[in-house]
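Structure, as structure tokens:
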Number of protein chains: 2
Amino acid sequence: MQSFTEENYLKVIYHLAEKTETVQTNAIAEQIQTKPASVTDMIKKLAEKGLVDYIKYQGVSLTEKGKSAAIDIVRKHRLWEVFLVDKLNFKWDEVHDVAEELEHIKSVSLIERLDEFLGFPKSDPHGDPIPDKHGRFAKTQFIKLIDLKIGDSGTITGVSQHSSAFLKHLEKLGLTLGKQIQITDVTDFDGSVEILSSDKQINISREVAKHILISSNGKI
Amino acid sequence: MQSFTEENYLKVIYHLAEKTETVQTNAIAEQIQTKPASVTDMIKKLAEKGLVDYIKYQGVSLTEKGKSAAIDIVRKHRLWEVFLVDKLNFKWDEVHDVAEELEHIKSVSLIERLDEFLGFPKSDPHGDPIPDKHGRFAKTQFIKLIDLKIGDSGTITGVSQHSSAFLKHLEKLGLTLGKQIQITDVTDFDGSVEILSSDKQINISREVAKHILISSNGKI
DNA sequence: TAAAATTTTTAGATTTACCTAAAAATTAAA
DNA sequence: TTTAATTTTTAGGTAAATCTAAAAATTTTA
Ligand SMILES: [Mn+2]
Ligand SMILES: [Mn+2]
Ligand SMILES: [Mn+2]
Ligand SMILES: [Mn+2]
């Protein structure tokens, strides 16, 4: 059984490992909002417990045991987010912080029953996949909107930024999950992207386009 | 803002104060499952924060501020219990421990929306009243089953013991909330109580009878 | 490839919530 | 009303998760 703090470390290491094979002390410190010295201490403890592989100065990676613990927390986080949006009418930009707390509630039957109550959802309000109780989930094949070419079209199926500011912005633009979009132009000047969505022309910045994930269906 | 631990102390003091005006160090220690010396430490801290009134060796009592914080935790605990039973199909004997964790989730809007989602319930699965968001609730007027006389009847509206063992036992006897009962006899030998419920004669021990709460409707 | 910059670790403290053992105060009994 | 029992507090310490400052290792730059 892991402490609240240990669980947060495992989850952060898991997410960072999606980008780089082995995870750096500083990167963890930044995510956890703590100092590198504290991270080193905790990493040693997690290594003792067999949750991470750790070689001094070489970074850290999750063991199978650590990975499965991390996925379990991610599962809980995403299920609670679905609950908050589907049942309690939270907006998609309001759920993350509460889910950060709820994900640490320790009860296997609670999560299994919640999963059932929600109808075994496959993805959370941000399009992220929800692992099943065995930790299995489909690795989703997303393309960043920024990487599409003029004329390409697809469906918004995820976001790679969960900040309230970003999500509220998308909401205002009408760019929510499930929306069909087509790239109509890319501005030379600032690289902003012109898209067609719900019969409206919208201009979004490169920064926004980077964090919208599309499941492409090629040309219309 | 209180810590997880401070919240538990406030809640325990609140419940103990329902019996005795001022609460003893040892009583708190027993509830929290800790040592009296630790309780003294924490009481000092709570007094510093203005949450309890404390005079050395004289016991402790909640200030208005402390009381309202405690009631807020009780409200959360009971709302989560309703959620678990009504929405996730937990039994009434399975919810307490999970609610002990959920009650510490800090989000005002979460609880307000949960309350609404549940239809603003007035009592929890054990018959205990749920305070509204201002901390107000009706002081319920219960009589212990053990205090009824032969011939008296009433409705089971609460229990004063929340252990799983006790609740499972009641379930097996069919003595759940809302059931009509009538006292038919009291055994001289062991003081056990003979009752009529759902057209069946049941014998319950004094110990059980002490913890069943009845809203009496006099003679039938 | 040697110096500089960056990253990571160690050393030594701090805070929170505990503990044990012993002293002090209160309450009950003789 | 003194003694005994009980309750409560103090004194001194531990473990978990932090921190700052400084040392060590690695990586980058020149
Ligand atoms: Mn989230
Ligand atoms: Mn999410
Ligand atoms: Mn309860
Ligand atoms: Mn209850």
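Reminder, nothing fancy here: chain letters follow the sequence lines and each chain counts from 1. For clarity, every value in this text was computed on a predicted model and none was experimentally measured.
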Salt bridge (charged side-chain N to carboxylate O under 4.0 Å, His left out) assessment of Glu103(B) paired with Arg78(B)
CA-CA 8 Å; Glu103(B) 72 190 5; Arg78(B) 293 179 180 165; over 6 Å; no

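- If you measure from atom CD of Gln24(A) to atom P of dA25(D), you get 18 Å, rounded to the nearest angstrom.
- Under the 3.5 Å distance criterion, with hydrogens and angles disregarded, a donor-acceptor pair is assigned to the side chains of Trp92(A) and Glu171(A).
- Ranking dT26(C), dT7(C), dT10(D) by closeness to the Gln58(B) side chain, first place goes to dT26(C).
- Around the NZ atom of Lys49(B), the shell of radius 6.0 Å holds more than 12 heavy atoms that belong to other residues, nucleotides or ligands.
- Residue Lys56(A) has its side chain nearest to dT10(C) when only dT10(C), dT26(C), dT18(D) are considered.
- Residue Thr25(B) is in sugar-phosphate contact alone, with no base atom involved, counting any heavy-atom pair closer than 4.0 Å across all strands shown.
- In this structure, Tyr9(A) reaches the sugar-phosphate backbone alone: every heavy-atom distance under 4.0 Å involves primed, P, OP1 or OP2 atoms, never a base.
- Considering only the side chain of Ser38(B), dC18(C) comes nearest among dC18(C), dT20(C), dT9(D).
- In this structure, His96(B) has its ring center at least 6.0 angstrom away from the ring center of His126(B).
- When distances run from any side-chain atom of Ala37(A) to the nucleotides dT9(C), dT7(D), dT7(C), the shortest one goes to dT9(C).
- Across all strands shown, Thr5(B) has heavy atoms under 4.0 Å from sugar-phosphate atoms exclusively, and none from any base.
- Residue Pro36(A) has its side chain nearest to dT9(C) when only dT9(C), dA24(C), dT18(D) are considered.
- Distance Met42(B) CE to dT16(C) P: 10 Å, rounded to the nearest Å.
- With rounding to whole Å, Asn26(A) atom CG is found 13 Å from dA5(C) atom C1'.
- As judged by a 4.0 angstrom heavy-atom cut-off over every strand, Tyr54(B) is placed among residues touching the sugar-phosphate backbone only.
- Considering only side-chain N and O atoms, Thr34(B) lies under 4.0 angstrom from the phosphate OP1 or OP2 of dC19(C).
- Residue-to-nucleotide proximity on DNA chain D shows that, of Lys35(A) and Tyr57(A), the 5′-proximal contact is made by Lys35(A).
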